[in-house]
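Written out below as structure tokens is the structure these notes cover.
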Amino acid sequence: MSIDVERLVKDAVRELREQEQSAPTPTQKKPIDRISLEDAKLLAARVEEKAREMGVRAVVAIADEGGNLKLCECMDDSYIASRDIAINKAYTSVALKMSTKKLSALAAPGGSLYGIQHTNGGRIVIFGGGDTLELRGRILGALGVSGGTEEQDTALSAYGKKVFGEYFS
């Protein structure tokens with residue numbers, strides 16, 4: 001019994017080309033209806049890359065549509081406290097269907113949601129760094145970023161939301 005090595009190599013090369021052609025490129029959108037772990041890892045990597053450019057040692061958390069943690073990555077030397085904050089920013093954005101930046105104005109003294117941070121077992125975060133991840137008008141999850149200033153966290157989560165919308169469809 002002889003093995004046709006040439007045929008095996010040709011088959012392998014053909015399969016690789018087919019996989020490359022079906023994989024989304026930066027100009028193609030990947031169709032999804034939920035956030036998979038692979039999707040979360042890709043998004044976190046992009047946000048972490050941007051955080052490095054900004055000089056921020058961030059924690060990036062991604063929650064699914066039910067507010068359940070899908071992924072949490074802590075960059076080297078990030079603040080220990082940032083882990084819970086990032087996770088709760090993602091939870092807050094899904095639970096209230098808005099960014100934590102938008103919520104901060106509503107939760108300010110005199111605002112319609114003043115005091116909301118004391119509900120849900122203290123999981124509600126009322127400062128920037130959390131954004132919903134939406135496609136076709138449906139929230140598929142949320143992103144929470146913590147580790148920099150509020151402005152840096154807000155910029156990173158907004159960047160992540162933008163990347164999500166550009167890559168997925």
Side-chain angles (χ1 to χ4, degrees), residues 23-30 32 34-109 111 113-114 116-135 138-169:
T25 64
T27 57
Q28 290 178 298
K29 290 190 174 195
K30 178 184 174 195
I32 63 168
R34 64 177 179 77
I35 299 173
S36 70
L37 180 58
E38 178 185 334
D39 300 331
K41 286 179 180 180
L42 288 170
L43 180 58
R46 293 286 302 276
V47 173
E48 290 167 12
E49 179 182 316
K50 184 60 127 180
R52 273 189 289 284
E53 289 173 14
M54 294 171 62
V56 175
R57 296 178 309 261
V59 175
V60 178
I62 298 170
D64 67 14
E65 70 277 6
N68 304 300
L69 183 64
K70 184 62 102 171
L71 174 92
C72 181
E73 291 194 359
C74 304
M75 293 176 69
D76 291 342
D77 204 29
S78 59
Y79 295 112
I80 295 168
S82 290
R83 183 182 181 279
D84 284 344
I85 295 168
I87 291 169
N88 288 335
K89 286 178 180 182
Y91 170 82
T92 299
S93 291
V94 171
L96 298 175
K97 303 178 191 241
M98 69 177 76
S99 72
T100 58
K101 177 74 174 166
K102 180 178 179 182
L103 178 61
S104 67
L106 298 172
L113 295 178
Y114 179 68
I116 195 166
Q117 70 273 21
H118 303 295
T119 67
N120 291 267
R123 292 194 68 190
I124 302 299
V125 178
I126 60 168
F127 48 89
D131 269 288
T132 56
L133 300 173
E134 303 174 44
L135 290 177
R138 182 174 156 233
I139 296 174
L140 298 183
L143 168 69
V145 181
S146 182
T149 65
E150 181 179 4
E151 292 77 18
Q152 289 169 324
D153 292 353
T154 300
L156 287 167
S157 67
Y159 172 78
K161 181 175 182 145
K162 178 180 174 249
V163 166
F164 184 80
E166 289 173 353
Y167 188 70
F168 299 103
S169 64

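Just so you know, these numbers come straight off a predicted model, no measurement behind them.
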List the atom of [X], the atom of [Y], and the distance in Å for their closest heavy-atom pair.
{"X": "S93", "Y": "A142", "result": "CB-CB, 3.7 Å"}
{"X": "Y114", "Y": "A107", "result": "CD1-O, 3.3 Å"}
{"X": "L103", "Y": "L96", "result": "CD2-CD1, 3.7 Å"}
{"X": "S146", "Y": "S82", "result": "OG-OG, 3.3 Å"}

Kindly write out the residues that satisfy side-chain hydrogen bond (donor to acceptor under 3.5 Å, both in side chains) with [X], not counting sequence neighbours, or none if the list is empty.
{"X": "K97", "value": "none"}
{"X": "D64", "value": "N68"}
{"X": "T100", "value": "none"}

Check: Would the number of heavy atoms belonging to other residues, nucleotides or ligands and lying under 6.0 Å from CD1 of I80 be above 12?
Finding: no

Notebook entry, point to check: From K41 NZ over to S36 OG, what is the distance, rounded to the nearest 0.5 angstrom?
Noted result: 9.5 Å

Donor-acceptor pairs under 3.5 Å, side chain of residues 42-63 to any protein atom, not counting sequence neighbours: which ones?
| unit_1 | atom_1 | unit_2 | atom_2 | d |
| --- | --- | --- | --- | --- |
| R46 | NH2 | Y159 | OH | 3.2 |
| R57 | NE | D77 | O | 2.9 |

Check: Can you list every side-chain hydrogen bond (donor to acceptor under 3.5 Å, both in side chains) pair that touches residues 116-134, not counting sequence neighbours?
Finding: N88-R123, Y91-N120, D131-S157, T132-E134, T132-K161, E134-K161

Note to self: Do I85 and Y79 make a side-chain contact, defined as non-hydrogen atoms from C-beta onward lying under 4.5 Å apart?
What the structure shows: no

Check: Heavy-atom distance under 4.5 Å between the side chains of L133 and F168, does that happen here?
Finding: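 A side-chain contact is absent here, since even the closest heavy-atom pair is not under 4.5 Å.
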
Next item on the list: Could I get the full list of salt bridge (charged side-chain N to carboxylate O under 4.0 Å, His left out) partners for K102, not counting sequence neighbours?
Entry: none

Margin query: I'd like to know if the side chain of K89 and the backbone of L143 have a donor-acceptor N/O pair within less than 3.5 Å.
Written below: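 No; zero donor-acceptor contacts below 3.5 Å.
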
